[in-house]
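Everything below concerns the one structure shown next.
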Amino acid sequence: MNLTHPRHRATTAVLAGALALLVAATGCSSKADGKDGGTAADGVRTGPGVGAKTIRLGALTDLTGPYATLGKSIVQAQQMWADETNAAGGICGRTVQITVKDHGYDVQKAVTAYADLAPDVVALPQVIGSPVVAALLDDVQRDHLLTFPQAWAASLLGKDPVQVLGTTYDLDMIAAVDFLTRTQGLKAGDTIGHVYFEGDYGANALEGSTWAAKKAGMKIVGQKIKATDTDLTAQVSALRKEGVKAVLISAGPAQTASLVGVAASRGLRVPVVSSAPGFAPQLMKTPAAPALAAMLHVVSAAPAVSSSLPGVRRMVAAYQKKYPGSPVDSGVLSGYNAAELLGADLKKACAAGSLAREDVVKAHRAQRHADTGLGTPLDFSDVDRPASLATYVLKPDAKAVGALVEEEKAHRAPGVEEYLSGRHT
């Protein structure tokens with residue numbers, strides 16, 4: 001979730017160079033322990049990405065594009081998990097290696113990187129971007145490659161090897177509308193604005209907000225934008241003319257900062273609720289910070305990294321020690337949680353006697369109450385349903401780790417089951 005304002009572009013360039021060593025370090029894919037496939041000496045069935053001494057995982061990430069900051073956080077968090085896991089003896093008697101490929105949020109680059117990476121890994125604990133995952137769905141399905149997207153569009157459900165971790169964007173927006181009616185005074189007859197990215201992310205978020213608003217007797221006024229749109233003055237003016245009583249935003253951090261900052265300066269001081277990818281801690285060091293603190297709320301499948309959950313506190317402390325000076329943002333929690341969940345899947349598959357790809361997927365789908373201590377328990381048994389139906393509401397706080405604090409604990413918004421039933425009929 002890198003800010004796309006011009007003054008932050010230099011940061012992206014620096015990140016690219018700084019991460020070169022990290023990619024090189026995590027990118028080793030040694031096959032010195034013998035040919036993949038067959039049955040190893042320990043009796044465990046193997047396959048692509050698994051040798052007698054190593055388990056190789058892959059990451060298709062963004063280290064040089066609009067989500068470079070997020071990508072760096074996830075890569076570092078997952079490498080920390082791998083280092084911790086290896087220090088404790090590895091998995092199934094094998095050392096875990098992670099190969100990192102940077103696609104820069106370019107779908108064609110991602111497709112090429114996947115073709116290069118896929119033959120040598122057993123699973124992908126990180127793929128950034130709904131458009132990227134959408135382009136790879138058929139390949140992932142064909143290859144039986146367990147894949148955890150860093151994307152939460154409902155369109156990614158329904159594929160056995162692809163796992164959205166947590167809620168989907170539409171469920172979070174249903175929770176956002178519920179939050180506005182319960183706590184911010186919105187009622188039947190009111191109008192809510194929704195600014196959203198074109199593509200699966202924004203479209204799925206809009207599905208949820210439109211359904212929830214209709215059920216509550218309210219109206220959604222949509223404003224579709226591109227990822228390159230970072231000045232939302234025109235959108236704020238349009239929403240103000242519509243007399244909106246609140247605004248939802250499903251975009252990136254740069255767009256959230258512009259929306260809230262412009263709205264505050266133009267006198268549109270209404271509650272704003274953002275999807276999780278629309279916030280980054282760096283926003284609280286911009287001129288928009290006071291307005292964000294006063295007006296913004298964030299709906300998220302995951303808790304804030306400032307959470308008092310013991311697992312989160314331990315992870316944050318370990319990350320700060322390993323990567324001093326790196327911001328601790330939602331990507332750290334998201335990346336580490338994904339790696340922990342994949343580690344549990346691999347251990348379960350090993351216990352059943354096979355680390356072949358299709359058996360790793362089978363072990364994953366058998367998990368009905370996966371609990372890493374980093375958020376809500378997840379149920380992976382139904383490919384057509386989100387792994388969780390519970391959404392957190394968070395609020396900016398510049399003094400907190402990750403610049404977010406918990407406003408409401410994870411809860412299932414009224415109507416979610418009804419919405420899901422309607423979606424599948």
Side-chain angles (χ1 to χ4, degrees), residues 1-2 15 19 22-23 25-29 49 55-85 91 96-107 109-111 113-114 116-118 120-137 139-140 143 145-153 156 159 161-166 201 276-277 301-302 315 319 323 326 329-346 357 360-361 364 370 372 374-375 378 380 387:
M1 284 180 277
N2 189 40
L15 273 177
L19 285 162
L22 180 61
V23 175
T26 58
C28 52
S29 181
I55 294 174
R56 294 187 295 278
L57 308 175
L60 292 173
T61 193
D62 178 9
L63 299 176
T64 52
Y67 291 98
T69 302
L70 176 70
K72 179 185 178 184
S73 295
I74 297 170
V75 165
Q76 291 188 162
Q78 294 190 338
Q79 187 58 43
M80 181 175 82
W81 167 82
D83 291 345
E84 291 173 350
T85 299
I91 292 175
V96 176
Q97 298 175 347
I98 304 176
T99 303
V100 179
K101 297 281 187 180
D102 172 29
H103 57 58
Y105 213 72
D106 181 306
V107 172
K109 286 182 181 176
V111 170
Y114 177 87
D116 185 41
L117 187 63
D120 296 326
V121 298
V122 67
L124 299 172
Q126 176 197 166
V127 181
I128 282 186
S130 295
V132 169
V133 183
L136 296 174
L137 279 179
D139 291 336
V140 168
D143 296 337
L145 194 57
L146 183 59
T147 298
F148 292 167
Q150 289 291 326
W152 294 267
L156 302 179
K159 301 285 187 183
V162 179
Q163 182 63 65
V164 177
L165 298 176
Y201 166 23
M315 180 210 69
Y319 188 85
Y323 303 109
S326 288
D329 56 20
S330 62
V332 174
L333 179 58
S334 176
Y336 192 85
N337 187 47
E340 282 271 273
L341 290 165
L342 183 55
D345 293 337
L346 292 168
R357 286 176 176 176
V360 173
V361 172
H364 172 75
T372 61
L374 299 171
L378 303 176
F380 301 132

Minimum heavy-atom distance between [X] and [Y], given as atom pair plus value:
X: Val111; Y: Ala135; value: CG2-CB, 4.3 Å
X: Tyr105; Y: Gly129; value: CE1-CA, 3.6 Å
X: Ala77; Y: Gly335; value: CB-C, 4.4 Å
X: Ala59; Y: Leu117; value: N-CD2, 3.9 Å
X: Ala301; Y: Gly166; value: CB-CA, 4.1 Å
X: Ala134; Y: Leu156; value: N-CD2, 4.2 Å

Side chain to side chain contact (heavy atoms under 4.5 Å, CB included) assessment of His103 paired with Ile128: CA-CA 9 Å; His103 57 58; Ile128 282 186; 4.2 Å; yes
Hey, does the side chain of [X] reach the backbone of [Y] with a donor-acceptor pair shorter than 3.5 angstrom?
X: Gln150; Y: Gln126; value: no
X: Ser334; Y: Ser330; value: no
X: Trp152; Y: Val164; value: no
X: Asp62; Y: Thr64; value: yes

From CA spacing to verdict: side chain to side chain contact (heavy atoms under 4.5 Å, CB included), Arg357, Leu145: CA-CA 6 Å; Arg357 286 176 176 176; Leu145 194 57; 3.5 Å; yes
Spacing of [atom1] belonging to [X] relative to [atom2] belonging to [Y], to within rounding of 0.5 Å:
X: Gln163; Y: Leu342; atom1: CD; atom2: CG; result: 11.5 Å
X: Asp83; Y: Trp81; atom1: CG; atom2: CH2; result: 10.5 Å
X: Leu374; Y: Glu340; atom1: CG; atom2: CD; result: 6.0 Å
X: Leu137; Y: Thr147; atom1: CG; atom2: OG1; result: 9.0 Å
X: Asp345; Y: Leu341; atom1: CG; atom2: CG; result: 7.0 Å
X: Ile74; Y: Leu63; atom1: CD1; atom2: CG; result: 9.5 Å

Side chain to side chain contact (heavy atoms under 4.5 Å, CB included) evaluation trace for Leu346 with Leu57: CA-CA 11 Å; Leu346 292 168; Leu57 308 175; 4.3 Å; yes
Pair Glu84, Tyr336: side-chain N/O donor-acceptor within cut-off below 3.5 Å: yes
Within 6.0 angstrom of Lys159 NZ, more than 12 heavy atoms from elsewhere: yes
Evaluate the side-chain proximity of [Y] to [X]: yes if any heavy-atom separation is below 4.5 Å, no if none is.
X: Leu60; Y: Leu136; result: yes
X: Phe380; Y: Leu165; result: yes
X: Val140; Y: Tyr114; result: yes

Audit row: Tyr323, Met80, side chain to side chain contact (heavy atoms under 4.5 Å, CB included) steps and yes/no: CA-CA 9 Å; Tyr323 303 109; Met80 181 175 82; 4.3 Å; yes
